[in-house]
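Read the structure below first, then the notes.
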Amino acid sequence: MRIDLHTHSSISDGTDTPAELVLRAQQAGLDVVALTDHDTFAGLDEAVAEGQRLGLTVLRGMELSCSRHGNSVHLLAYGADPAAPALGAEMEKVRGGRMGRLAGVLQRLAELGVPVSEQQVLAEMGNSPSMGRPHIADAMVKAGHVRDRTEAFDRFLADGGPAHVQRYGIEIERGIDLVHEAGGVAVIAHPWGRGRESVLPPDLLRQLAAEHGLDGIEVDHHDHDLETRARLRQLAADLGLLATGSSDYHGTGKLDHDLGSNTTDPAVYHALVARLGVPARG
Ligand code: AMP
Ligand code: FE
Ligand code: FE
Ligand code: ZN
């Protein structure tokens with residue numbers, strides 16, 4: 001059984017439609033795929049319907065933009081009720097913050113001599129309700145300023161880069177609680193990727209597990225080297241956390257994140273599914 005629990009469609013910053021993504025998941029030999037678009041559930045019905053048509057299990061997911069002392073932390077939510085009011089209100093606030101920072105980013109890009117217009121970015125968003133830096137990067141590619149998303153991030157858009165503007169994120173403790181109130185399972189995405197270890201040290205993960213019932217951490221992820229994976233796997237075992245693995249697929253938007261390039265152990269997946277739909281766990 002091959003299971004990939006972290007993917008993005010064109011409903012956020014991936015490049016496949018939800019249905020295309022599910023078809024590709026089947027072609028990649030996956031039995032289970034979770035769609036986890038950033039801060040939106042909008043692609044899930046289409047993905048689930050395509051999964052039913054193809055005979056592939058689609059797990060409903062979402063990647064919630066959280067923060068810890070101003071640093072961004074991503075929280076994967078599985079099986080959360082899209083109608084849960086408090087979670088929905090926070091997701092809307094995050095999406096508003098995503099749009100709200102656009103003018104500031106565009107002003108910096110213009111000052112840096114690589115101008116793109118708001119219309120160009122909106123065109124790259126298509127029908128995504130969740131604007132992300134990758135859409136700005138795509139507009140920069142189209143305008144001929146950079147070769148690809150990677151160059152746009154490396155030179156301009158990455159955290160701390162010359163055109164980076166902070167946006168709203170939910171405090172991680174509250175994010176976990178909101179996911180649980182919505183009956184979902186909460187797993188921190190790529191906790192130690194891209195120099196994030198200082199943001200989420202072992203003691204904090206221990207506290208999130210003990211006081212907020214954090215369910216799991218993503219261990220096998222492209223942004224973790226082998227040594228990091230080994231330490232995270234040991235920590236998950238020590239803390240009783242589920243240790244997942246996933247591709248973080250973004251279609252053609254990210255290289256080396258092919259569907260199924262990292263996968264979740266079936267026993268972990270079954271333990272995760274067993275926790276779905278239990279409201280207001282603490
Ligand atoms: P945002 O959601 O606006 O904070 O932008 C973060 C998103 O940008 C992440 O979800 C990644 O998909 C993407 N991203 C971050 N770094 C890179 C990179 N170097 N190349 C391509 N995409 C990236
Ligand atoms: Fe993304
Ligand atoms: Fe992420
Ligand atoms: Zn992701």
Side-chain angles (χ1 to χ4, degrees), residues 3-18 21 25 33-44 47 59-68 71-78 80 91 94-95 97-98 101 105 121 124-126 128-139 141 148-150 152-154 157-159 161 164 167 169-170 172 175-176 179 184-197 199-200 216-224 228 232 244-264:
I3 301 154
D4 188 340
L5 295 183
H6 182 170
T7 71
H8 297 270
S9 76
S10 54
I11 294 299
S12 63
D13 56 4
T15 57
D16 295 347
T17 65
L21 184 150
V33 66
L35 179 63
T36 55
D37 277 314
H38 297 283
D39 307 302
T40 176
F41 298 114
L44 295 180
L59 179 62
R60 291 175 182 268
M62 185 266 296
E63 188 172 13
L64 188 62
S65 295
C66 294
S67 77
R68 167 76 181 173
N71 297 294
S72 113
V73 173
H74 287 178
L75 184 67
L76 294 161
Y78 298 105
M91 289 167 65
V94 171
R95 291 195 303 267
R98 287 175 165 282
R101 77 171 160 184
V105 176
V121 177
E124 296 305 322
M125 285 173 67
S128 167
S130 188
M131 202 277 293
R133 280 176 277 173
H135 299 120
I136 304 172
D138 290 347
V141 173
D148 52 24
R149 282 187 183 183
T150 302
F153 272 86
D154 289 349
L157 300 173
D159 289 10
H164 180 236
R167 63 170 165 73
I170 306 159
I172 182 64
I176 294 167
V179 170
V185 170
V187 175
I188 294 185
H190 41 71
W192 289 354
R194 299 177 196 245
R196 278 283 177 281
E197 194 167 342
V199 177
L200 292 165
I217 52 177
E218 196 174 53
V219 171
D220 289 305
H221 184 281
H222 177 267
D223 292 351
H224 295 152
T228 302
L232 276 173
T244 66
S246 301
S247 65
D248 203 356
Y249 174 74
H250 282 68
T252 57
K254 259 188 185 178
L255 301 176
D256 304 322
H257 288 72
D258 293 338
L259 285 163
S261 53
N262 283 291
T263 55
T264 293

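The shown structure was predicted, so the numbers you read here are calculated from the model rather than taken from an experiment. Counting convention: from 1, in listed order, for ligands and their atoms alike. For this chain, numbers begin at 1 and follow the sequence in order.
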Quiz item: Between Leu5 and Thr36, is a side-chain contact (heavy atoms from CB on, under 4.5 Å) present by the stated rule, with each step listed?
Solution: CA-CA 8 Å; Leu5 295 183; Thr36 55; over 6 Å; no

Exercise. Would you please test Thr7 and Ser247 for side-chain contact (heavy atoms from CB on, under 4.5 Å) and show each step?
Key: CA-CA 7 Å; Thr7 71; Ser247 65; 4.2 Å; yes

Quiz item: Asp39 and Ser12: side-chain contact (heavy atoms from CB on, under 4.5 Å), yes or no, with the steps?
Solution: CA-CA 8 Å; Asp39 307 302; Ser12 63; over 6 Å; no

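Atom OE2 is the N/O/S atom of Glu63 found closest to the Fe ion (ligand 3). Distances from the Zn ion (ligand 4) to the N/O/S atoms of Asp248 are shortest for OD1. Within Glu63, the N, O or S atom at minimum distance from the Zn ion (ligand 4) carries the name OE1. Nearest N/O/S atom of His190 relative to the Fe ion (ligand 3): this is NE2. Among heteroatoms of the N, O or S kind in Asp13, OD2 lies nearest the Fe ion (ligand 2). The N, O or S atom of His250 lying closest to the Fe ion (ligand 2) is NE2. The minimum distance between the Fe ion (ligand 3) and any N, O or S atom of His74 involves atom ND1.
When His74, His257, His38 are each tested for a ring pair (Phe, Tyr, Trp, His ring centres under 6.0 Å) with His8, only one passes: His38. The one candidate from Asp159, Asp13, Asp138 that meets the salt bridge (Lys or Arg N to Asp or Glu O under 4.0 Å) condition with Arg133 is Asp159.
Here His8 fails the criterion, with no N, O or S atom under 2.8 Å of the Fe ion (ligand 2). Here His38 does not reach the Fe ion (ligand 3): none of its N/O/S atoms is less than 2.8 Å from the metal. Metal site remark for the Fe ion (ligand 3): His6 contributes no N, O or S atom at a distance under 2.8 Å. Residue His6 counts as close to the Zn ion (ligand 4), with an N, O or S atom under 2.8 Å. Metal site remark for the Zn ion (ligand 4): His8 contributes an N, O or S atom at a distance under 2.8 Å. At a threshold of 2.8 Å, the Fe ion (ligand 3) has no backbone or side-chain N, O or S atom of Asp248 nearer than that distance.
The aromatic rings of His6 and His221 sit tilted, their planes meeting at an angle between 30° and 60°.
Heavy-atom minimum distance, Arg167 versus Val94: NH1-CG1, 4.3 Å.
A heavy-atom distance below 4.5 Å is found between the side chains of Pro134 and Phe153. Looking at heavy atoms from C-beta onward, His224 lies in side-chain contact with His190 at the 4.5 angstrom threshold.
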